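In what follows, a structure is listed as structure tokens, so that the remarks can point back to it.
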Amino acid sequence: MQNCKLWMITLIILLIVTKMAVAQSPIPTTLEGPFEPATRRFDPSLRRGSNDLPMDHPRLKKNVTLNFPEQIALAISSPTSMWVSWVTGDAQIGKNVTPLDPSKVGSEVRYGKESGKYESVKKGVSVVYSQLYPFEGLLNYTSGIIHHVRIDGLKPGTKYYYKCGDSSIPAMSEEHAFETLPMPSQSTYPHRMAVVGDLGLTSNTSTTIDHLIQNDPSMILMVGDLTYANQYRTTGGKGASCFSCAFPDAPIRETYQPRWDGWGRFMEPLTSTVPMMVIEGNHEIEPQVSGITFKSYLTRFAVPSEESGSKSNFYYSFDAGGVHFIMLGAYVDYNATGAQYAWLKDDLHQLDRTVTPWLVAAWHPPWYNSYSSHYQEFECMRQEMEALLYQYGVDIVFSGHVHAYERMNRVYNYTLDRCGPVYITVGDGGNIEQVDVDFADDPGKCPSAGDNTPEFGGVCHLNFSSGPAKGSFCWNKQPEWSAFRESSFGHGILEVVNSTYALWTWHRNQDTYKEDSHGDQIYIVRQPELCSPSVKPSVFPSLPSLSAALHSLVLSLSLPLLGMFCLLSSSK
């Protein structure tokens, strides 16, 4: 019986320990969802926004001379190749501008595995672009020379040192370094991937990027609305508070292109060492004469469009270790009869989930959004593409556009679904337009059917056909598919642990100086055995938390064993 007592004491201690694990609230997982919707409202002690950084700010000023490279940026081409981009020469802005001759400065990258030893040399292409506004009071712009060089033959997971420029002048950059990402494999992943959107060039932007750099990412996912150059002469800078009032004869709004140059300089300390993958947002449209749009976005950034078979910088895909990323364009044709949809279907069909288990998609405007701002704005795109993404088991979707943070429960077609993606909105990078604070379910905050018209595509606003909001355009409480939302600036970090677990952390700007602090954190868990196309469940059952399940498991196993042990002890 003495042994039986010892067993009872051991059991009690074990139950206390597991109960403490429950009480300490470990990081939740999506297996515990769907979660009760939660809202952390805007902290009135914080400012909703901050001013644009001036063009003479030290982080925006040009610090090189003549034809030396600046605005250096990396982008993934493939697991064994990298794009290197930079700008040389002086951009011009004024009534009369003359484009530079891009053939006058070479495009060359020298690189190797040892500092100061560059065994390989690659050459690339150079271009210029113009942004023209032949209207009274507006300014024309022509860029510096923009260079793109694809360096290849790289070894995955390896550090490389490089210089870029034109060695014949000579005008080469200082030495920079980067580390290639691991090869696609279910067992290798980048150690951290940063996600940020709607960045701009404000004081809040500075805090976001400084905080992001502290988190030491392997790559950056930029989900659109980069510079807000088209806002600088109205809501930003020292321009007109009412553009149409100040420039009544201008049929289109001028976008102040020097902001792109300032943004490239501002980002260079990060992008010259960490690859940044971009997708266009509405602030990149930038219309000019002759109906030309997206000129700056298309010219300044190199993306793996040819490498992924899309042949369009508006949508493409790439691998980062065991993660396959799909970058979709919301401001080009997304209909099921169009080129983007055909490319997407082919890309998904070719995907081997035994090599890249994780499938992550990104585009600028969110499909699931409970804020008043941009509410149901891209419902047409959702109706066209959601079924295809669900069919192929997309795990996570990142978007921006709404200037706040929101993470959804797993959802498909506005219905809780354990096999639906986890949609996350991170349009809170720090731009001039301030943080969004109004929710569509707040009294008097539901947009009218005529609000939130997209800048591209049709209007497909709808009333819900089922669930608690049946027959209504807006919910009267936080929707069940919205797990957590908060109006704050920040960025996210995705850390893939293995083929089924990934840790997502949202870092708020106000937590920058707090150790191990964050605004939201969860393990996103894949369940391929349940969510293959042939076995997807139609309902989302309620699941206990893992810690509570552990406690129940210990209890259910220990009591029978204890009884058996005590019975045997008493019979001796």
Side-chain angles (χ1 to χ4, degrees), residues 59-60 62-64 67-78 81-89 91 102 105 107-111 122 124-129 143-152 154 160-166 172-181 193-197 199-201 205 208-209 212-213 217-227 229 257-281 284 294-305 307 313 316 318 320 325 327 429:
R59 295 174 74 165
L60 276 61
K62 186 172 182 177
N63 293 313
V64 299
N67 289 309
F68 281 86
E70 62 159 356
Q71 306 178 48
I72 301 169
L74 303 172
I76 297 165
S77 171
S78 76
S81 57
M82 188 79 73
W83 283 105
V84 184
S85 303
W86 67 95
V87 179
T88 59
V105 182
S107 307
E108 172 187 331
V109 177
R110 296 178 174 268
Y111 57 103
K122 286 290 180 181
V125 299
S126 56
V127 291
V128 298
Y129 78 94
S143 70
I145 301 172
I146 299 168
H147 306 260
H148 300 298
V149 176
R150 183 177 181 265
I151 60 176
D152 55 14
L154 306 178
Y160 285 88
Y161 300 85
Y162 74 96
K163 288 186 173 184
C164 60
D166 185 345
M172 297 294 287
S173 71
E174 295 181 355
E175 182 181 83
H176 298 278
F178 65 86
E179 186 171 326
T180 52
L181 299 184
M193 293 171 279
V195 187
V196 66
L199 199 57
L201 268 178
T205 308
T208 299
I209 292 302
L212 188 154
I213 290 172
S218 303
M219 60 161 277
I220 308 151
L221 202 66
M222 181 72 67
V223 293
D225 283 3
L226 283 67
T227 69
Q257 291 295 296
R259 297 299 283 181
W260 280 100
D261 296 308
W263 195 86
R265 296 169 192 135
F266 175 87
M267 295 293 290
E268 182 182 330
L270 176 62
T271 58
S272 61
T273 60
V274 179
M276 178 178 68
M277 310 307 291
V278 301
I279 198 66
E280 75 278 3
E284 279 72 69
F294 289 106
K295 195 66 176 178
S296 184
Y297 169 80
L298 293 173
T299 310
R300 290 178 180 269
F301 296 102
V303 299
S305 54
E307 298 92 318
N313 284 26
Y316 60 92
F318 65 96
F325 284 92
M327 312 290 278

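From a predicted model like this one, the values you see are computed outputs, not experimental measurements. Every heavy atom of this structure was used, including side-chain atoms; hydrogens, water molecules and symmetry mates were not.
- Looking at His147 and Val105, their side chains come closer than 4.5 Å, going by heavy atoms from C-beta outward.
- Using a 4.5 Å cut-off on side-chain heavy atoms (C-beta onward), Val223 and Val196 make no contact.
- Nearest heavy atoms, Thr205 versus Gly200: CG2-O, 3.1 Å.
- A donor-acceptor pair under 3.5 Å is absent between the side-chain atoms of Thr299 and the main chain of Ser296, judged by distance alone.
- Side chains of Ile209 and Leu199 form a contact here, defined as non-hydrogen atoms less than 4.5 Å apart.
- Inter-residue side-chain proximity for Phe178 and Met82 is flagged as met; some heavy-atom pair is nearer than 4.5 Å.
- Side-chain contact between Phe318 and Val303: absent, with no pair of heavy atoms (C-beta onward) separated by less than 4.5 Å.
- One finds the CZ atom of Arg259 at 13.0 Å from the CG atom of Leu226 (value rounded to the nearest 0.5 Å).
- Atoms CZ and CG, on Arg265 and Leu60 in that order, are 7.5 Å from each other to the nearest 0.5 Å.
- The aromatic rings of Phe301 and Trp263 sit perpendicular to each other, their planes meeting at more than 60°, with 30° as the lower class boundary.
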Practice task
Please report the C-alpha distance between Met276 and Leu270 in whole Å, then the side-chain angles of each, then the deciding distance to 0.1 Å, and finally whether the side chain to side chain contact (heavy atoms under 4.5 Å, CB included) criterion is met.
Solution key: CA-CA 9 Å; Met276 178 178 68; Leu270 176 62; over 6 Å; no

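- Looking at every heavy atom in both residues, Glu307 comes nearest to Pro304 through OE1-CA, 3.0 Å.
- Of the possible polar contacts, one joining the Thr208 side chain to the Gly429 backbone as a donor-acceptor pair under 3.5 Å is found.
- Taking a 6.0 Å sphere around CD of Glu174, one finds it holds 12 or fewer heavy atoms contributed by other residues, nucleotides or ligands.
- Annotation for Trp86 and Ser107: closest pair CZ2-CA, 3.8 Å, computed over non-hydrogen atoms.
- Across every non-hydrogen atom of Trp260 and Glu284, the tightest pair is CH2-CG, 4.0 Å.
- In this structure, CD on Glu268 lies 9.0 Å from CG on Asn63, to the nearest 0.5 angstrom.
- Ser218 places a side-chain heavy atom less than 4.5 Å from the side chain of Leu181.
- In this model, a donor atom of one side chain and an acceptor atom of the other lie less than 3.5 Å apart for Ser85 and His148.
- With contacts defined as side-chain heavy-atom distances shorter than 4.5 Å, the pair Lys122/Tyr111 qualifies.
- The CD1 atom of Ile151 lies 9.5 Å from the OG1 atom of Thr180; values are rounded to the nearest 0.5 Å.
- Note: Ile72 CD1 to Thr271 OG1 = 8.5 Å, rounded to the nearest 0.5 Å.
- Taking both residues in full, the closest heavy atoms of Gly262 and Leu201 are given as C-CD1, 4.1 Å, listed atom of the first, atom of the second, then distance.
- Residues Asp166 and Asn67 fail the side-chain proximity criterion, which asks for heavy atoms closer than 4.5 Å.
- A donor-acceptor contact closer than 3.5 angstrom links the side chains of Asn313 and Ser305.
- Residue Tyr316 holds its OH atom at 4.0 Å from CE of Met277, rounded to the nearest 0.5 Å.
- Between Met219 and Ile76, the shortest heavy-atom distance links the atoms SD-CD1, 4.2 Å.
- Under the 3.5 Å distance criterion, with hydrogens and angles disregarded, a donor-acceptor pair is assigned to the side chains of Arg150 and Ser81.
- Of the possible polar contacts, one joining the Ser126 side chain to the Pro102 backbone as a donor-acceptor pair under 3.5 Å is found.
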Exercise for the section: Would you sort out whether Val149 and Glu108 count as a side chain to side chain contact (heavy atoms under 4.5 Å, CB included), showing the intermediate values? Expected result: CA-CA 7 Å; Val149 176; Glu108 172 187 331; over 6 Å; no

